[in-house]
Amino acid sequence: MRIGVFVCHCGSNIAGTVDVAELAKRALTLKDVVYSDHPMYTCSEPGQAGIQQAIKDKKLDRVVVSACSPHMHEQTFRRTVEGAGMNPYLMEMANIREHCSWIHPDMAEGTEKAWEIIKMAVAKARQLEPLYANEVSVNKDVLIIGGGVAGIQAALDLADAGLKVTIVEKETTIGGTMAKLDKTFPTIDCSACILTPRMVDCSQHENITLMTYSEVEKVSGYVGNFTVDIRRKAAMVDWNKCVGCDVCVQKCPAKAPNLFDEGLEPTKAIYIPFPQAVPKRAAIQVDYCRYFQTGKCKVCERVCPAGAIDYEQKDTSVTKEFGAIVVATGLEVFPWEEHYSEYGGGKIKDVISGLQYERMLNASGPYGGHVRRMSDGADPKTVVFIQCVGSRDESVNRPYCSSVCCMYTAKQALLTKDHCGMDTDVYVFYIDIRATGKGYEEFIKRVQTEFGVKYVRGRVSKLYEQDGKVMVRGTDTLLGEQVEIPADLVVLASGIQPADGAKQLAQTLNISYDEFGFMKEGHPKLRPVETNTAGVFLAGVCQAPKDIPATVAQASGTASKVIGLLAKDKLKTSPQIAVVNQKNCVSCWKCIEVCPFSAPEKQELRDGTYKSHVIETVCQGCGICVATCPVNTIELKGFTTDAILDQIEEVLQSQL
Amino acid sequence: MSRQDHIREFAANALTEKRVDYFIGWKQGYNSSEMIPAFVTDPAEADQLVWNPLCHHNLVTFIKRNMPEPADAKVGLCVKGCDSRTLVALLQEGLVDKDRLYVVGVPCDGIVDRRKLEKMFSSEITEIEFPERGKVKVTTRAGETKELDQKDVELIGCAHCRYPNPLYSDNTAGPLEKEPDREETKPDWSALEQYESLSDDVKQALLEKIYATCIRCFACIHVCPVCVCWDKCVNRSRQPELVSQKVGPKENLLFQMVHMFHVAGRCPSCGACDRACPVEIPLGLLHAKMNKEIYDMFGFEPGVKLDEKPVFQVFDLKDQFGD
Amino acid sequence: MAEATNNQASGAATTGAAPGGAGAPDRPVKVVGIVCNWCSYAGADTAGVGRFKQPANLRLIRVPCTGRIDPLFALKAFEKGADGVLISGCHPGDCHYSEGNYYARRKFELAERMIHHLGIPPERFKWTWVSASEGQRWQKVVTEFVAGVQKLGPREGKAL
Amino acid sequence: MASKYLKSEQLPAFLESLAKNARVVAPFKRDGVTQYEPWQSGKDVELDVLLAKQSPKEYVFLQTETYLKFGYEMAPVPEGAEGEDAVPYETVKVDPQNEAPKQVIFGLRPCDVRGFVQMDQVFGGYGGFYFDPLYNARREATTLLAVTCREPRSTCFCTSVGGCPSSREGADVLFTQIEGGFFVEPITDKGEAIAEAAGAALTDPTDTQATEANEAKLASATKVDPAFDLEGVRDALHDNIADKRWADLAMRCVSCGTCTYVCPSCYCFSINDSIVETKGDRYRCWDNCFNPVYTEETSGHNPRAKKMNRFRNRFSHKFWYYPDKYDSLLCSGCGRCIANCPTRIDIREVIRVMGAPKEAPAASGAVAASAAAAAAVAAAADTTTEGKEA
Amino acid sequence: MADTTSGAAKKRLTFADVVPGASTAKAGKLAGNSYVPEIATVVEIIQETPTIKTFRMRFDDPAVMESFSFAPGQVGQLGVFGVGESTFAITSKPSEKEFIQFSVMRAGEVTQALHKLSVGDKVGIRAPMGCGFPMDAWKGKKILFVMGGIGSAALKATIEYCLEHRADYQGVNILYGATHPTNFTYQYDIDEWQKREDIDLTLTIDRECDGWQCDVGMVPAVLERMNPDPANTIAILCGPPIMIKFALISFMKLGFTPEQTYTTLEKRMKCGIGICGRCNVGPKYVCVDGPVFSMAELNELPDEL
Ligand SMILES: Cc1cc2nc3c(=O)[nH]c(=O)nc-3n(C[C@H](O)[C@H](O)[C@H](O)COP(=O)(O)OP(=O)(O)OC[C@H]3O[C@@H](n4cnc5c(N)ncnc54)[C@H](O)[C@@H]3O)c2cc1C
Ligand SMILES: Cc1cc2nc3c(=O)[nH]c(=O)nc-3n(C[C@H](O)[C@H](O)[C@H](O)COP(=O)(O)OP(=O)(O)OC[C@H]3O[C@@H](n4cnc5c(N)ncnc54)[C@H](O)[C@@H]3O)c2cc1C
Ligand code: SF4
Ligand code: SF4
Ligand code: SF4
Ligand code: SF4
Ligand code: SF4
Ligand code: SF4
């Protein structure tokens, strides 16, 4: 073996406190080191050329660059040696700047430590093996899970860029939460007016395939080559025939809860969520359908002009291949009824959630936009809003801020005045106002001053019914006194949480999530739309609470990342990954158990036994499996156990 | 019917009816003071099987990776309370095939520590009888005979056994033994206290002395039922060479630490390793401490619940240690 | 045990260096650090960039993730004569591979307790979390740890 | 050579005299376990426990023995050198190790001694094979002071393999415990030298003491239970090589190798290197044929992959392979492997079953006093009266 | 072959009997410390196939180089200090005096370290070991070499010997198989052999491959097609265990007797001098009784190959 050692001066950055010339000389006494040099700036043009020259002249087969942090220049020097025909992974760096010269002002001390750092690097270099990056071809289709505004935005961006997109949406229509909203803050423009055209775009775009009423069941494969099983739920209606005429819904005799209207008023067993649904197709909720429950009825079948009803329909499953996956599963309203017994736990009719109120305000909602008391349908005179229900509340395990409630409460307060008249008393109980977006603070001010909404700082401790009113008891912490307001209607700014089933989906996709089920980004700052599983991206509230502008921005960001990824025909995967030496594998499967990416799999050998095998393209090279394998038969290339042990021994050599 | 008769009858039936190809139990060794594992294939030999407080072998060892051949053989097996926990530990990880096993649980009221006995007599022990429950009658080669209380000569773990009744079995040999109230009482680690109270230097010196005697025969590892890699043990590997093949107190102790980490969360302190060590190294000292700390960290007892996973193969976001 | 000559006594024989006499009790201690690439190695870089002075007793080994660190590495280091072992990685929740440090902390915690059981004072082994931005914290961790180890002094002639 | 008498009280003084010129090793009890250990004054030799846990072989055939030290050096580049000359080149220095301090092992049993005799053939170049300098250097520097067994254990079977509890074969001095002390018989020159060096600690024995010693020897020989008939064992093992009963017998074995490590005659070893940076050593250390990776080749192919193969190898080695090569057995009947096996695998049983000719199935239970045992007793009686050169 | 059963020298030898440097064959075996390798320097490295390199080394001590000789079929322990030793067949020409050559397939630890060597690096060699082929006894016979993969290394020296003493043998016939054309070792020699009239060389690869002109098929099948005449022939077989297994069946089909069929065994070994007890197949030790065995001998041994 022939190792070359290059001890960088880095101007005076290193040479100032480390005797680089001395180290270069001493390096020649190390086993296998046949060449050393101490360039002024190793990373500079001449410095790199010097390394390349030495590789050729001295027939070096390993190079140790003793300079700055590998985070700084590992890539640089890998390219350097590669340029001289050497495998890039045969270069090792010794960090004698950040970890030495810059923190040890004493020359003698610094030089001594640098010497040991170099020795360790040489010891590691001896263990290095040439590694070769794997290339995999890339499927250019993208799967988007969730058809809310995030999914829609990403889909359109991607489709416009020429990529084929499939949206899988679990409801019968796309649109998500935003489709339920009335107006949107801070501009008070109509939610449907801006969303529905985009929904229609989606359905008409030649590059977009909509798969509504569907769910992702199984995902296998890896970046560029995912295989996904998608289950399409049986709607009991043949969607190829259904024209969305709504006749069946009108004639259906069976009532069913209307989830789109957040349960305010019932719909029918056969339903179309809302008039602008895309696709606009009917589906039967079999649990409520008279035919399915009693075996008699079939009214819809009789009335359907298209003959689309099909009571025998079964779930179907399709398997598709994708190159990238975008998760945009959005949100769900915090189920406050289960947690806030002090607010009546859902038993007081005139206490409703913010999203229910959106439906109430909405002109296409159950009450045509008429705000009314749920108990008697009367116009409310006093409306009280309570913020932070299920947000920033440790006691219900929701310590995070839902980020949109302050704003939508202000919006709803304003709309209340608008719908019910300026003389309506509107109170908002708040803890802090978070209005950080563009024009948001101004909006709040307007609501307070222009519309006379009374903001009370404090928590509401109890809601109870008295004389047909909802008594709101709380403290005004600014005044420091108890307040009690008899309200006609109380709207809870219930917080938001990840969509139902987000955790399971994350597990299916092998991405991580926090304890609430929000999916985790690759890095909070630097990789905000990627996940740690290559090829899986995030958009919208599934990652963290955010409002529509932020959602859309993130969705477009994601789209551009996906485009960037799929612009390549081949993907290079890092070769610094785990490999199983199957000779010694005892099939204990602990590696499979612990790998965060499900990279190891059971592989059947010719003799019928099973041994572990790491799928190269899935492995991210963390090495958790390596430290877990009891027989140490998995090696992490580039960080082998032998290399680590050799470094340990090298450090302690003088100790022995 | 005594437990022993139950085992014999069960084994004979299972073999006759071909429900199992082998039945693993205990039988007498070269004299009545030694019980050894028995592999019975012929129903007629079932009456060799015995059950008494000398049946210390943890038979789960024989089914871990070197299950009797052929690979689809069905095996009948006796387990005591502590043995059953090692079986559960293997089942938790899917390392043995439940469907090939027929497990006879043997409720146990304590196993005699033969080594403790040996140290009480100057002459070789040639005969041990159990005239009544709780009594041990020992006869030596020199002809000396002595009757002892079983409780006085039991294995160290038996006094505080929390699971005298097998936790996994298809059939139970006789009535259950009385169990401690596990809600009320915590595991007892008083045996460790004396060691724990020593100073660091004294501990080091003591360990050095103890581990200097290890001959690296690997008996401890090979009898350990939950060690699944015995034939590929990393302690014998040169690539990577985690532990040198040299013998010396450092290496020997490191080698035990490797074993310890590999069984952490899976070893219920069944004591098989301790009893197998020819030079009588108190290996239980490590395992008991490990289990104590694991209990302290996770409230976890290895090999108790079938649906649990060993604690080091999983994690919990809410783990409370570290800074 | 048979021979207590250099043949059987471990380690010492390999290099031929005289073990006992070498390293007078006042020699500076040697601490082995094993850190993850993404947080603590970068944190140490940050400390360097900030010119935060640290004792020169630490030697760092870079691994991708704390999940890669077998607790036995620490024991191996002690076997080979390390005076202290420091392990550091990303804060829980920040693991580059999302879960590595959750597994790791369980193992390190057990390792720490067992290391003490072996008679190695707890001050000689530390595992902690330092993020890439926490240069100052890195400095503090290193300085305090090394000071603690130095106080106990070099380890000589111990079983492990 | 004249026999002597050593008073029990004189034993420490006697050992002290030996310790002047050599290291003295003897069985001692520590924490209830008897082992051969270097003697220090004040320690009480343990002779009541018949056999130390391990055989004394580790004092001659070390468990870890560094036999080569080596160091790489990069030859320094001459000042001002250029081109190829400026490339440092590697040299390696090797330094063979073969130290063998003088030692006396006291208190071994005749079966322990026999272990050495058997190993001597392997390491000593018998039959034109290689001569092992490491073993032989230590062997030559070692003097063996054997003690006649008083109370054979139930696992002893030396008489079945041609030994006897008072055998002089291979010993330098034989001690026999009698009333108040030991009857001491120097056998070889080395033994004679020891006796001389002991000086006044040894006295001339009386005739009664000689008779007493004789009786003690005879008594102990008859106390060893016959285990099997050696006749035809080798051929039977050969014929039974593919017999299914091997697998049945091996069933209970856990393949640990304890039996081989405690055995006075097992000698398999491995060779390993260790290196830190440029300096390292090559050492040999005990290994055993039960080690599952013992014969495993790099490809993963293992000629003795099954426990049964390894099990069969050990017993066949002792009673067939070795005899074919060296014309004697590789077992001294000490029974250590039986007593220390975690599952008490009984070599006697194995030989009874597998060493019996195929057509005549082995009689279960003990074999009637075999010819070999009878002969051994007779021989014991013989050797007591007159010293015979080994 | 060593006389294994004589039990002749019943006296325990001492150092005095083993004079270092003694020259008779037997004393030579007993002389010195057989564990201490001779130091040699790598003088040339030839990359034979992606996983096989041939190393030529020269003993640092010129006297050792000069006196070094071996019989075809003999092996040596080649080691890298700090990593260990492994057994390899000596592949130089028996008459070669300039260097000693081994061909090493990258497999485990030692071979990996060997593959990392550069020219000028030091190694330790203990050679020769074991017994060679009874070349003298085979004079006047036809020799048929059947080899696969790295098995060629074991037979290389023997082939060279036959070619050097071509007149002594009635015929030299080589059948050499590899998985792929790039996996043939000694390509330069093969070219040479192909040109020679007095060698009958058949090359075969497992599966069709572009540009391949010789045979296609597994060695045993090709062997049967070749249909060699067993009369006055010695067959020597070496290759992976699976090839040996099936080639043997073919040989028996072709009418070869176990006595005229030879192979060289690979067993894990450490000491290489018949002590450590690792390479035995029953009472035979590959390192001293082998590695060369006739099938007749092997049939006597336990089924532990
Ligand atoms: C009461 C209320 C009022 C609000 N008012 C405003 C406002 O005025 N202005 C503003 O900017 N923001 C407002 N917001 C926030 C806004 O609703 C969100 O920012 C936005 O809807 C997030 O979009 P999304 O696409 O991420 O999620 P969503 O709109 O929730 O879409 C997610 C979609 O994914 C589908 N899905 C979920 N799981 C799966 C699965 N497993 N498989 C397939 N499909 C799945 C869902 O059915 C849904 O269609 C308000 C929020 C609430 C609760
Ligand atoms: C007589 C003989 C001749 C051989 N000739 C050649 C040859 O010419 N070219 C060649 O490439 N290979 C040859 N081999 C095989 C070669 O010895 C192994 O490939 C080599 O030992 C692998 O060692 P390793 O250190 O790389 O593997 P590791 O698995 O790391 O080896 C560890 C130890 O196991 C031993 N070992 C493991 N496998 C074998 C094996 N198959 N044979 C012997 N010892 C083993 C070695 O002693 C080594 O020190 C020969 C083997 C024998 C017995
Ligand atoms: S290194 Fe191991 S644990 Fe990490 S991703 Fe790869 S296979 Fe999974
Ligand atoms: S952890 Fe290791 S031994 Fe277990 S299955 Fe995975 S690779 Fe095999
Ligand atoms: S059983 Fe005892 S002597 Fe044998 S390896 Fe284990 S601890 Fe060491
Ligand atoms: S380590 Fe010992 S106590 Fe623990 S399971 Fe294994 S044999 Fe039993
Ligand atoms: S094989 Fe057993 S009885 Fe024979 S010498 Fe060895 S240990 Fe003693
Ligand atoms: S016979 Fe006993 S001691 Fe020997 S390997 Fe088998 S179980 Fe271990």
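Letters A, B, ... mirror the listed sequences (proteins, then strands); counts begin at 1.
- With salt bridges taken as basic N to acidic carboxylate O contacts below 4.0 Å, one links E/Arg278 and D/Asp287.
- A distance of 10.5 Å separates CD1 in E/Ile242 from NE2 in D/His301, rounded to the nearest 0.5 Å.
- Contacts of D/Asn313 with chain E are made by side-chain atoms alone, with heavy-atom separations under 4.5 Å and no backbone atom involved.
- For a residue to count as touching a neighbouring chain, one of its non-hydrogen atoms must lie under 4.5 Å from one of that chain's; by this rule E/Glu109 does not touch chain D.
- Going from atom CD1 of E/Ile273 over to atom CZ of D/Phe123 covers 9.5 Å, rounded to the nearest 0.5 Å.
- If you tally non-hydrogen atom pairs under 4.5 Å between each of D/Tyr267, D/Tyr322, D/Tyr89 and chain E, the highest count goes to D/Tyr267.
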Evaluate the side-chain contact (heavy atoms from CB on, under 4.5 Å) criterion for residues E/Ile275 and D/Arg284: first the C-alpha distance (whole Å), next the side-chain angles of each, then the deciding distance (0.1 Å), finally the verdict. CA-CA 12 Å; E/Ile275 299 181; D/Arg284 77 170 177 199; 5.6 Å; no
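- Heavy atoms closer than 4.5 Å to chain D are found in both the backbone and the side chain of E/Val80.
- Looking only at atom types and distance, the side chain of D/Arg282 has no donor-acceptor partner in the side chain of E/Tyr35 under 3.5 Å away.
- The two residues D/Leu68 and E/Pro37 come nearest to each other via the heavy atoms CD2-CD, 3.6 Å.
- When D/Val92, D/Asn288, D/Thr278, D/Thr298 are compared by the number of non-hydrogen pairs under 4.5 Å with chain E, D/Val92 comes out ahead.
- Of all non-hydrogen atoms in D/Asp273 and E/Gly84, the two that sit nearest each other are OD2-N, 3.3 Å.
- Put simply, CD on E/Glu304 and NZ on D/Lys306 are 11.0 Å apart, with the number rounded to the nearest 0.5 Å.
- Of the possible polar contacts, one joining the D/Tyr294 side chain to the E/Gly277 backbone as a donor-acceptor pair under 3.5 Å is found.
- Neither the backbone nor the side chain of D/Cys289 comes within contact range of chain E; no heavy atoms are under 4.5 Å apart.
- When heavy atoms are compared at a cutoff of 4.5 Å, E/Leu305 approaches chain D solely by way of its backbone atoms N, CA, C and O.
- A cation-pi contact, defined as under 6.0 Å to the ring centre and within 45° of the axis, is absent between E/Lys122 and D/Phe70.
- In this structure, D/Ser270 OG and E/Arg268 CZ are separated by 6.5 Å, a value rounded to the nearest 0.5 Å.
- Of the two parts of E/Cys279, neither the backbone nor the side chain holds a non-hydrogen atom closer than 4.5 Å to a non-hydrogen atom of chain D.
- For the pair E/Ser34 and D/Phe131, the tightest heavy-atom approach, listed with the atom from each and the gap, is OG-O, 4.1 Å.
- Chosen from E/Met269, E/Glu300, E/Lys267, the residue pairing most often with chain D at heavy-atom distances under 4.5 Å is E/Lys267.
- The closest donor-acceptor contact from the side chain of D/Tyr72 to the backbone of E/Phe81 lies under 3.5 Å.
- Distance check, rounded to the nearest 0.5 Å: CG of E/Asn280 to OG of D/Ser316 gives 10.0 Å.
- Taking chain D as the reference chain and counting heavy-atom pairs below 4.5 Å, the highest number among E/Gly274, E/Gly108, E/Pro302, E/Gly120 is found for E/Pro302.
- With rounding to the nearest 0.5 angstrom, the CD atom of E/Gln77 is 7.5 Å from the CD1 atom of D/Ile271.
- By the 6.0 Å contact criterion, CG on D/Asp239 is enclosed, its count of non-hydrogen atoms from other residues, nucleotides or ligands being greater than 12.
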